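Before any comments, here is the structure.
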Amino acid sequence: MATETNEPKEKSLNFLEEIIEESIAKGNTRVQTRFPPEPNGYLHIGHAKSICINFGLAKKYGGKCNLRFDDTNPVKEDVEYVDAIKRDIKWLGFDWAIERYASDYFDQLYDWAVALIGKGLAYVDDQTQEQIRENRGTISVPGTVSPWRNRSVEENLDLFMRMKNGEFADGAKVLRAKIDMAHTNMLFRDPIMYRILHTEHHRTGNKWCIYPMYDYAHGESDSIEQITHSICTLEFDVHRPLYDWFIQSLEIFPSHQYEFARLNLTYTMMSKRKLLKLVQENAVMGWDDPRMPTICALRRKGYTPASVRAFAEMVGVAKRDNIIDLSKLEYCVREDLNKIADRRMAVLNPLRVVITNYDAQKTELFSAVNNPENEAAGTHQIPFSQVIYIERDDFMEEPPKKFFRLCPGGEVRLRYAYLIKCEEVVKDAAGNITELRCTYDPMSGSGSSSDGRRVKGVIHWVSAKDAVEAEVRLFNPLFTKENPDDVAEGQSWEDNLNPDSMVQITGYLEPSLRETPIGQAVQFERVGYFCPDLESTPEHLIFNRTVTLKDSWAKINK
RNA sequence: UGAGCUAUGGUGUAACGGUAACACAGCAGAUUUUGGUUCUGUCGUUCCCGGUUCGAAUCCGGGUAGCUCAACCA
């Protein structure tokens, strides 16, 4: 009886899940991943994808995901970033098995370097940075061997120890792996393992003046933590052979690296280095400026963690370069907010309306549902009086044929309140509309009308004397270029900055909006989703636009 | 001009030799106390050329295009 078509369709696996399931099939049932940020900046939506992948995979296969800070370069790193990163991961809804730092492994890493020297696989090089660069060759021409490459094990051991002891200045010497200066993979041309940096480290202080490079530290850290699946982005693909080389040379736990394509979003800059520059040059208000793609900025704008997770799920995981429509992210946010956000009325571009046959002294309260999609959300009261504001866009003196809202002689429903009819348009000397004079149907309060007529147009409004004035910020993409990361040579991001990325206006809000908690988005009817800003106070409300509604009425104008 | 990675609708992601699917965007319509939400319909010669096969997005050969790599960054 049960037909095949009714069977729930099995969700297909992404390539990482396939790799894991294959290894499980071979008997390797343990799954251990890690999320390894460098604490040199704030996490952004691209990291959110990586977090969802790493924590998601671990959860799906009954494994664990570690948080490991890749803090091998003290000149760029800071505890400020460590704290922010932890906060953002938690906000996204994930928790790590253990928290580690590459710097926890500095002693072990040093011992392993000594072992590699002992095996004749590493040597101390006295060449200058420039000489090393020149002798590395290029992509098509082989490198040149260092004159120091054949030092004895004893001499290397002695020199490396003295490097550690602080006998040499920054840049005087480096420790290099001895591999192949003619290798087609540039990373195999005797990669640098340690450099001298007389810099205080945010965790180890002044204990070390030599610091391991990424290639030497990362795989080993994975190995120490017995990571089974070390997942990173595509640009690390060329590093994998070196990752394997160190692990094999050291004969330690064989972690493996797998690469996926990083997330790109239209009109969004994703390069951490460039984002830092935006902050440093005050092009934005800070890392959590609502125009930034950082997780803390999304939080400030009122995005929900669930919507970001849904987005990560929706974009999938693959190995080809991609650029995802920003509309996809916004869809995920709206989808979530549609279900949970309360509706409120707010007028952002006010037009004064006087209801001539309504008692000037009177105030009525109308009951409005908080969320038509969720009855349990309840209702709230909205004051109504003789003078109200409506949206300027909701009135047209000469309406096109399919315009359903207010026009001279026309009638609309004020949401939750009366039907009103426009009797007169008041203009100033310059011909600008300054006020509408309308009459209302006293019998139309509960959704009915005195004679059973119905109108097609329903508009939002606020009572002028009860309205709360608030700063409302409308955010648009920071960049006009579809892919701002991809700037031409010699061109800077400034050329692509959108001058209208932030528009600040004064809005008139219904009084209940005073009680909206910071960071919680509500829907302003027909306008979009907004949430109170961090800097909002009861005396001075600031609302940020979270995301717009689908703007289907705009096309009626064109 | 070396090596590696990747090619499926406007954008993403599936299909694992058997009639190319899902989502977003777009377009059209229905419902609606907001034109939102919800619902329905619609949109493709799988980068190219050749081969294997009854049958190819999938396998093989050869092209082409895009991306990555020449920090004492990660």
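Naming convention: chains lettered A, B, ... in sequence-line order (proteins, then strands); numbering from 1 in each chain. Quick caveat: nothing in here was measured; it's all calculated off a predicted structure. Just the heavy atoms: all of them, side chains too, but no hydrogens, waters or symmetry mates, feed the values below.
Atom CE in A:Met314 sits about 14 Å away from atom P in B:G12, given to the nearest Å. In this structure, A:Asp325 places its CG atom 12 Å from P of B:C24, rounding to the nearest Å. Atom CD of A:Glu313 is separated from atom P of B:G12 by 18 Å (rounded to the nearest Å). Distance, A:Phe15 CZ to B:A14 C1': 14 Å, rounded to whole Å.
Of the residues in residues 257-268 of chain A, not one comes within less than 4.0 Å of RNA chain B through any heavy atom. Only at 4.0 angstrom or more do the heavy atoms of residues 375-384 of chain A sit from any atom of RNA chain B, so none qualifies.
Between the side chain of A:His239 and the base of B:A74, a donor-acceptor pair under 3.5 Å is found.
Among residues at least two apart or in separate chains, salt bridge (Lys or Arg N to Asp or Glu O under 4.0 Å) pairs with a member in residues 319-334 of chain A are A:Glu259-A:Lys319.
Between A:Arg203 and A:Asp104, at least one side-chain nitrogen of the basic residue sits less than 4.0 Å from a carboxylate oxygen of the acidic one, meeting the salt-bridge criterion.
RNA chain B forms stems at B:2-7 with B:64-69, B:10-13 with B:21-24, B:26-30 with B:38-42, B:47-51 with B:59-63, each a run of 3 or more consecutive Watson-Crick or G-U wobble pairs whose two key distances fall under 3.5 Å.
No hydrogens or angles considered: a donor-acceptor pair under 3.5 Å links the side chains of A:Arg344 and A:Asn370.
Of the listed nucleotides (B:U37, B:A74, B:C24), B:U37 has the atom at the smallest distance from the side chain of A:Asn338. Residue A:Asn322 has its side chain nearest to B:G12 when only B:G12, B:C73, B:G36 are considered. Looking at the side chain of A:Ser140, the nearest of the listed nucleotides B:U1, B:A74, B:A14 is B:U1.
In this structure A:Tyr42 satisfies the ring pair (Phe, Tyr, Trp, His ring centres under 6.0 Å) test together with A:Tyr81, A:Trp287, sequence neighbours excluded.
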Quick test: give all pairs of protein nitrogen or oxygen and nucleotides 3-7 of chain B nitrogen or oxygen below 3.5 Å, distance rounded to 0.1 Å.
| from | atom 1 | to | atom 2 | distance (Å) |
| --- | --- | --- | --- | --- |
| B:G4 | O2' | A:Asp237 | OD1 | 2.8 |

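Nucleotides B:U19 and B:C69 have their C1' atoms positioned 44 Å apart, rounded to a whole Å.
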